[in-house]
Amino acid sequence: MSRSGSIGLYYEAAADGTTLLTDAGVAHEAGEEALTREPQDVWNELEEYVDERETIEINLLLEGLYQMYGFDFRHYVRSSLRRRILNRMKMEKLPTITALLEKVLHEPLFIDKLLGDMSIRVTEMFRDPSFFNAFRTQVVPELRDYPEIRIWHAGCATGEEAYAMAILMQEEGLAEKTRIYATDMNEQAIESAQKGAFPLKQMQLYTTNYLESGGTKAFSEYYTTDHQYAYFKPQLKENMMFAQHNLVTDGSFNEFHVILCRNVMIYFDPKLQQQVHSLFYSSLTPQGYLGLGKKEYILHVPEGVQYDDFVPHERIYRKKS
């Protein structure tokens, strides 16, 4: 006889090839009436039960995070969240998601670990070089005559794309009148971004991206190194502001000519995408520019949110005036 650790049911193969399924708390004795099923039927039932219970546990975990700490992941795409949750369970050697919730509720320092798991940290300098090339050649000429240029990197993670934009605007002679606001929900990510120190092993990739994006200098001019890190020059940070900001729960804090939020909204469900699009639209100046990631589109936008396709193949849009 074997036991399903998921729902406390026992199952065993009968002589005729069927499966006997018995509640864990009931002795399976000769002559007792048993529930007889085909093996595939049993496993289908087990999977449905496990899926339902897991969904409930995830809902409770996300609600606990929100109620206790104000971090709202309730409208993130569940498949991505589930992978991150199960990975944290494995690392902590926890048997259930409910056990993870126990740590969240009763161990305040544990939240930093889980928040790190939940945060979107995938980034690189000049990621998708063709996007930055299009920005340089098609958006910058439209911005050149502005007396001031305000750019918001929303969900900046550890800041690589914000530094890339600072380099681009410096090369275009616009650094002095450009203000770059880089925000992320994760306080540790923002602290890392403020340092401007990135692993030295990434510089080969970043150099390739930079050159493909239309960079005009030797990329190594922008940083110094030791044996482990590349330290980007302080001048790049003179007009950069880093701050903690949560796209789900926080509102607008300025009016921007450009908002870049690349490869973040793919993790949001349609309801949350609508909410964030409303935030961005209200934060853009008339004819302001919105830049999204390669796999993101102007979909799930609320009524009244209208953009023109400015460089559609690079996901650059302009707010209709």
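Scope of the values below: all heavy atoms of this structure, side chains included, with no hydrogens, waters or symmetry mates. One-based numbering along the sequence shown.
With hydrogens and angles ignored, the 3.5 Å screen pairs a side-chain donor or acceptor of E296 with a backbone N or O of V264. Side-chain atoms of H245 come within 3.5 Å of backbone N or O of G251 as a donor-acceptor pair. Side-chain N or O atoms of K177 include none that pairs as donor or acceptor with a backbone N or O of I149 at under 3.5 Å. Judged purely by atom type and a 3.5 angstrom limit, K319 has no side-chain atom pairing as donor or acceptor with the backbone of L290. A donor-acceptor pair under 3.5 Å links the side-chain atoms of E57 to the main chain of T98, judged by distance alone. At least one donor-acceptor pair closer than 3.5 Å links the side chain of R179 to the backbone N or O of E176. In terms of modelled atom types and a separation under 3.5 Å, the side chain of N239 and the main chain of A175 share a donor-acceptor contact. Using modelled atom types, no side-chain atom of Y66 and backbone atom of L61 make a donor-acceptor pair closer than 3.5 Å.
Rounding to the nearest 0.5 Å gives a distance of 11.5 Å between CD of E187 and OG of S119. The distance from atom CE of M169 to atom CG of L174, rounded to the nearest 0.5 Å, is 4.5 Å. Of the inter-residue distances, the one linking F131 atom CZ with E314 atom CD reads 7.5 Å to the nearest 0.5 angstrom. Note that CZ of R84 and CG of N87 are 10.0 Å apart. Values are rounded to the nearest 0.5 Å. L115 contributes atom CG, which lies 4.5 Å from atom CZ of F71 (distance to the nearest 0.5 angstrom). Residue I97 holds its CD1 atom at 10.0 Å from CG of N59, rounded to the nearest 0.5 Å.
The ring of F219 has its center no closer than 6.0 angstrom to the ring center of Y206.
Looking at Y223 and M203, their side chains come closer than 4.5 Å, going by heavy atoms from C-beta outward. E238 has its side chain within reach of Q235: a pair of non-hydrogen atoms, C-beta onward, lies under 4.5 Å apart. Y181 is listed as a side-chain neighbour of M241, based on a closest heavy-atom distance under 4.5 Å. Between L279 and L247 the shortest side-chain heavy-atom distance falls below 4.5 Å. The side-chain heavy atoms of L94 and L100, taken from C-beta on, include a pair separated by under 4.5 Å. Side-chain contact between D309 and I298: absent, with no pair of heavy atoms (C-beta onward) separated by less than 4.5 Å. Side-chain contact check for R315 versus Y297: some heavy-atom pair is nearer than 4.5 Å. At a threshold of 4.5 Å between non-hydrogen side-chain atoms, the residues H313 and V311 count as touching.
Inspection of the T285 and Q287 side chains reveals no N or O donor paired with an N or O acceptor under 3.5 Å.
Counting non-hydrogen atoms of neighbouring residues, nucleotides and ligands closer than 6.0 angstrom, the CD atom of Q204 reaches no more than 12 such neighbours. Counting non-hydrogen atoms of neighbouring residues, nucleotides and ligands closer than 6.0 angstrom, the NZ atom of K113 reaches no more than 12 such neighbours. More than 12 heavy atoms of other residues, nucleotides or ligands shown are found within 6.0 angstrom of OH on Y76. More than 12 heavy atoms of other shown residues, nucleotides or ligands fall within 6.0 angstrom of atom CD in E255. Annotation for F110: atom CZ counts as buried by contact number, over 12 foreign heavy atoms lying within 6.0 Å. Residue Q244 qualifies as enclosed at atom CD: its count of foreign heavy atoms under 6.0 Å is above 12.
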*asked:* Please evaluate residues L260 and C156 with respect to the criterion side chain to side chain contact (heavy atoms under 4.5 Å, CB included), reporting the C-alpha separation (whole Å), side-chain torsions for both, the decisive distance (0.1 Å), and the verdict.
replied: CA-CA 9 Å; L260 302 181; C156 73; over 6 Å; no

*What's the verdict on salt bridge (Lys or Arg N to Asp or Glu O under 4.0 Å) for D128 and K294, showing C-alpha distance, side-chain angles and the deciding distance?*
CA-CA 8 Å; D128 302 321; K294 283 281 191 183; 5.6 Å; no

*List the steps and the verdict of side chain to side chain contact (heavy atoms under 4.5 Å, CB included) for Y210 and M125.*
CA-CA 8 Å; Y210 166 75; M125 297 192 78; over 6 Å; no

*After noting the C-alpha distance and the side-chain angles of F256 and F280, does the key distance pass the ring-ring contact (aromatic ring centres under 6.0 Å, His included) rule?*
CA-CA 9 Å; F256 301 95; F280 289 160; 9.4 Å; no

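Considering all non-hydrogen atoms of both residues, A157 and T123 come closest at CB-CG2, 4.1 Å. Nearest heavy-atom pair, N186 versus G116, reported as atom, atom and distance to 0.1 Å: ND2-CA, 3.9 Å. Across all their heavy atoms, T96 and M89 have their closest contact at C-CE, 3.5 Å. Shortest non-hydrogen contact noted between D226 and L200 is O-CD2, 3.4 Å. The two residues Y163 and Q194 have their closest heavy-atom pair at OH-O, 3.7 Å. The minimum heavy-atom distance between R127 and F132, with the atom names listed, is O-CE1, 3.4 Å.
Cluster annotation: Y317 and V258 are assigned to distinct hydrophobic clusters (Ile/Leu/Val/Met/Phe/Trp/Tyr, side-chain heavy-atom contacts under 4.5 Å, transitive). In this structure, I190 is not a member of the same hydrophobic cluster as Y69, with clusters built from ILVMFWY side-chain heavy atoms closer than 4.5 Å. Taken together through direct or relayed side-chain contacts under 4.5 Å among Ile, Leu, Val, Met, Phe, Trp and Tyr, Y267 and M265 form part of one hydrophobic cluster. Two different hydrophobic clusters hold Y231 and Y222 under the rule that ILVMFWY side chains link at heavy-atom gaps under 4.5 Å.
Residues forming a side-chain contact (heavy atoms from CB on, under 4.5 Å) with D308 (at least two apart in sequence, or on another chain): K320.
Identified under the side chain to side chain donor-acceptor pair (under 3.5 Å) test for residues 135-156, with sequence neighbours left out: R136-E171, R136-E172, R144-E172, E148-R150, W152-T183.
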